[in-house]
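All values below were derived from every heavy atom in this structure, side-chain atoms included, with hydrogens, water molecules and symmetry-related copies excluded. In what follows, chains carry the letters A, B, and so on, assigned in the order in which the sequence lines appear, proteins first and then strands, with residues in each chain numbered from 1.
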There are 2 protein chains.
Amino acid sequence: MDTSKQNTASKILDALTSDIIQGVFPPGEKLQIKTLKDRYKVGTSPIREALSQLIAKDLVVSENQKGFYVSNISIDDLTDIYQARSKIEGLCLDMAIKKGGDFWESKIIAASHLLAKYSKSENIDMDEWQNRHFSFHEALVSGCNSPRLFQIRQSLYEKSTRYRNLWLQENVTNYERLQANQNEHVALMVLVLERDSMPAQKLIEAHIMTPVEIIKKNLP
Amino acid sequence: MDTSKQNTASKILDALTSDIIQGVFPPGEKLQIKTLKDRYKVGTSPIREALSQLIAKDLVVSENQKGFYVSNISIDDLTDIYQARSKIEGLCLDMAIKKGGDFWESKIIAASHLLAKYSKSENIDMDEWQNRHFSFHEALVSGCNSPRLFQIRQSLYEKSTRYRNLWLQENVTNYERLQANQNEHVALMVLVLERDSMPAQKLIEAHIMTPVEIIKKNLP
DNA sequence: TTTTTCAATAATGTCGACATTATTAAATTA
DNA sequence: TAATTTAATAATGTCGACATTATTGAAAAA
């Protein structure tokens, strides 16, 4: 992303988001203004503005006069986020199947090819696999054509990131798990291209819920 | 709401939100920091913090070094928001029907009574009617039991407020329209209490989309 | 020893001044 | 006269200082 045109608060927002998601600041940790000022070498205002926006993203919580803390994670929260995600994804997919055209179909086929090819390769880089996985799912719902639903989908995806990281490692290193995952992707594509709406919706909902049990085991 | 424990930024956020929704600052209007400082009698920081959060609410947009503006409204945006709202409400209702218990049922019946009674009265106060209408719909979905979906629902409701104000006036002053509206509420309650999920979902979706056409006519 | 009170410390939240950037208006040139 | 450049003006964005509030730890009382 081009950071040159961003103001300081935006840059701090990106950096802080990344640091929280990557675990530099773990769940529950206090975020002292002074510490953040030193770390990012900026003044008070941009820090507070960035924190304001992180509260809206649910990555940070604050209490008046008591400061800012990284949001806690929990099994309840994990379950709720993934359930909401699966329902929203199902909604978007259903709308996409009803509205999508030729161009949409071709995007799905292209993204599916990229993901399938990479999932078969020898040494899988987690970031690259994640990129292709993300693109495939985005292609599926891209026909839905509702900015707001997309925004909600995007926002839930971000909120799930801290949990997803607990699953990714296992998914790409465990061969059987990756194959099962990949089989679902193929089945999903077939259903979608056949415009078989209800089964596709049910499958995507189950597909998104799959990691939940694995993550539960890895949760602190 | 108790404002005494809020910090200045929170108070400004509430005031600004209200002023934008009520039309004190109409869509597209520039929000000059200096003007806002004078209006609310506070310094720069709380203003900027509140504006940061309003951006997350989609009520304000900003460009680096060019300032802040009230978000524009448009027919496309109206349609998209209401469509997303209707789908999310359908989702919540479906989940509520599957999960709700006795207490949930009783809340619906109570809220329905309050709304029905007031809808029949002589002089209808718009705010009071809106309160009861809101409570009824909230009761319907209250069994859904997903904090995230509720938060999304709430957020979409807020985003639709500027449009909804263009419909409310007409809905409560036009007798026929109010009766038709009220008939839908009753039908909705019956379906929900019979746990007839699919028809209930379809009806709530249509119910929420009803104002769209009326609002389109009243849009500037 | 435990509890309570009170002072010292440290953090947050707010403000106005200053530096940076965009916009507007005037002046110069073609 | 129209277009371009340049200067002025005005707005945004950032910072560090100050006031306010919470927390911590020591001293006194039970």
Side-chain angles (χ1 to χ4, degrees), chain A residues 1-20 23-72, chain B residues 1-20 23-72:
Chain A
M1 207 179 292
D2 179 29
T3 61
S4 59
K5 282 185 183 173
Q6 289 179 306
N7 61 13
T8 313
S10 289
K11 288 184 213 160
I12 300 300
L13 176 64
D14 290 345
L16 250 174
T17 303
S18 168
D19 283 344
I20 290 174
V24 175
F25 300 113
E29 180 144 309
K30 174 145 208 192
L31 296 170
Q32 283 190 157
I33 303 276
K34 188 179 179 335
T35 310
L36 299 177
K37 278 168 65 174
D38 292 347
R39 180 180 175 86
Y40 302 112
K41 310 266 185 262
V42 294
T44 313
S45 315
I47 295 285
R48 285 189 63 87
E49 267 183 53
L51 287 171
S52 279
Q53 298 190 250
L54 281 167
I55 291 173
K57 281 197 191 185
D58 285 331
L59 282 175
V60 166
V61 295
S62 83
E63 243 180 304
N64 190 26
Q65 299 287 15
K66 289 193 183 174
F68 299 85
Y69 298 82
V70 179
S71 298
N72 273 305
Chain B
M1 210 178 293
D2 178 30
T3 60
S4 58
K5 282 185 184 173
Q6 291 178 305
N7 61 13
T8 313
S10 287
K11 289 184 213 159
I12 300 301
L13 175 64
D14 289 347
L16 251 174
T17 302
S18 166
D19 282 345
I20 290 174
V24 176
F25 300 113
E29 180 144 311
K30 172 147 211 190
L31 295 169
Q32 283 191 155
I33 303 277
K34 190 180 178 333
T35 311
L36 299 177
K37 278 168 65 173
D38 292 346
R39 179 180 176 86
Y40 301 112
K41 310 268 185 260
V42 293
T44 314
S45 315
I47 296 285
R48 287 188 62 86
E49 266 183 55
L51 287 171
S52 279
Q53 298 189 250
L54 281 167
I55 291 172
K57 282 197 191 184
D58 285 332
L59 281 175
V60 166
V61 294
S62 82
E63 244 179 304
N64 190 26
Q65 300 287 16
K66 288 193 184 177
F68 299 85
Y69 297 82
V70 179
S71 299
N72 272 306

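Counting heavy atoms of neighbouring residues, nucleotides and ligands inside a 6.0 Å radius, atom NZ of B:Lys34 does not exceed 12 of them.
In this structure, CD of A:Gln32 is placed 13 Å from P of D:dT23, rounded to the nearest angstrom. Spacing between atom CD of A:Glu49 and atom C1' of D:dT14 amounts to 10 Å, rounded to whole angstrom units. Whole-Å rounding puts the A:Lys34 NZ to D:dC15 P distance at 15 Å. To the nearest angstrom, P of C:dT23 lies 7 Å from OH of B:Tyr69. Rounded to whole angstrom, the span from the CD atom of B:Glu63 across to the C1' atom of D:dA11 amounts to 14 Å. When rounded to the nearest whole Å, the span between CG of A:Asn7 and P of D:dC15 equals 11 Å. Between the CD1 atom of A:Ile33 and the P atom of C:dA10 there is a distance of 17 Å, rounded to whole Å. With rounding to whole Å, B:Asn64 atom CG is found 8 Å from D:dG13 atom C1'.
Closest to the side chain of A:Pro46, from the set C:dA11, D:dG13, D:dT14, is D:dT14. Here the nucleotide nearest the side chain of A:Thr44, chosen from C:dA22, D:dT14, D:dG16, is D:dG16.
Between B:Arg48 and the phosphate of D:dT12, there is no side-chain N or O to OP1/OP2 separation shorter than 4.0 Å.
Residue-level contact check: B:Ile47 touches neither bases nor backbone, having no heavy atom under 4.0 Å from any strand.
No side-chain heavy atom of B:Val61 sits less than 4.5 Å from a side-chain heavy atom of B:Phe68.
A donor atom on one side chain and an acceptor atom on the other are found under 3.5 Å apart for A:Asn7 and A:Ser10.
For B:Ser45 and C:dC15, a side-chain-to-base donor-acceptor distance below 3.5 Å is present, hydrogens and geometry of angles not being considered.
Between A:Gly43 and A:Lys66, it is A:Gly43 whose nearest contact on DNA chain D lies nearer the 5' terminus.
Atom CD1 of residue B:Ile47 and atom CG of residue B:Leu16 lie 6.5 Å apart, to the nearest 0.5 angstrom. Note that CD1 of A:Ile20 is 9.0 Å distant from NZ of A:Lys57, once rounded to the nearest 0.5 Å.
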